[in-house]
Amino acid sequence: MFRNVIVRVPSETICNGITSADLGKPNYKLALKQHEEYVSALSKTGVNVTVLQPHDEYPDSCFVEDVALCTRECVIITRPGADSRRKEAELPDMLETLNNFYTHIEYIEEPGTVEAGDIMMVGDHFYIGESARTNRAGAEQVIAILEKYGLSGSIVPLQEVLHLKTGTTYLENNNLLVAGEFKSVPDFEKFHRIEVEDEEAYGANCIWVNDYVIVPEGYPKVKKAIKALGYKVLVVDTSEFRKIDGGLSCLSLRF
Ligand code: GLY
């Protein structure tokens, strides 16, 4: 169960966010509206939402998931692999907010890089994507920290997508949504896997929050499959965030 969520309002500079999507620039007003709808959907799940203010210097800073790994025992402040995002993990308002919730605060150090969009929590185990943003040194630091607190981690190399959770979502109850390269990860064979077709691959980035699953607008097969598993589904349009390679999970820290 999650009690708390942290989000950051998108900045007007969101149109300069890193992207490989080739879908055009985000419309700022629409991004703000979609962000409000996202917060409203999260609030329906019973969590307390802390909303941080925008930071114009960091176009991608609404993707707060990448700057911290929130576990039941500690928070790990990451060291983002993208140069333009590195200092997002040092923003004082985020650090102060996390400090209000956590006694144990840990840090990823050079030469490690980690973006927590690469880390998927399954109970007390954390799957860590080794990606263009999260390197092996960073992943090993995460595992060493987790083990100090009686938690565990393992590495899942990825090639095709930005972050691990770009293409896979744990929906609790042993259910795992998988798209693309994650359909054939041996470590995931033990889960009940719900395979997402390539044309709906973006829809594999959902979030489970307290028996609700928030699903992006426009992926009817994903929505139908999740409903069929018995979850309560909330739909939020993330079209403007998709334009800069973002999705539902990147937009919040949930703990
Ligand atoms: N634009 C999101 C990212 O590249 O991290």
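Atoms within a ligand are numbered from 1 in the order they appear, just like the ligands themselves.
- By the 30° and 60° cut-offs, the orientation of the rings of F101 relative to F255 is perpendicular.
- Within the listing of ligand 1, atoms 1 (N), 2 (C) sit less than 4.0 angstrom from a heavy atom of D60.
- Ligand 1 has a nitrogen or oxygen under 3.5 angstrom from a nitrogen or oxygen of R85.
- Between the side chains of S20 and D245, at least one donor N or O lies within less than 3.5 Å of an accepting N or O.
- More than 12 heavy-atom neighbours from other residues, nucleotides or ligands sit within 6.0 angstrom of CD on E199.
- For atom 4 (O) of ligand 1, the closest non-hydrogen atom of the protein is R133 NH2, 2.8 Å.
- Ranked by closest heavy atom to atom 2 (C) of ligand 1, the top entry among T166, I244, T19, D66 is I244.
- Remark: aromatic rings of Y38 and F241 are distant, center separation not under 6.0 Å.
- Contacts with ligand 1 closer than 4.0 Å are made by heavy atoms of both the backbone and the side chain of I18.
- Around NZ of K190, the count of heavy atoms belonging to other residues, nucleotides or ligands within 6.0 Å exceeds 12.
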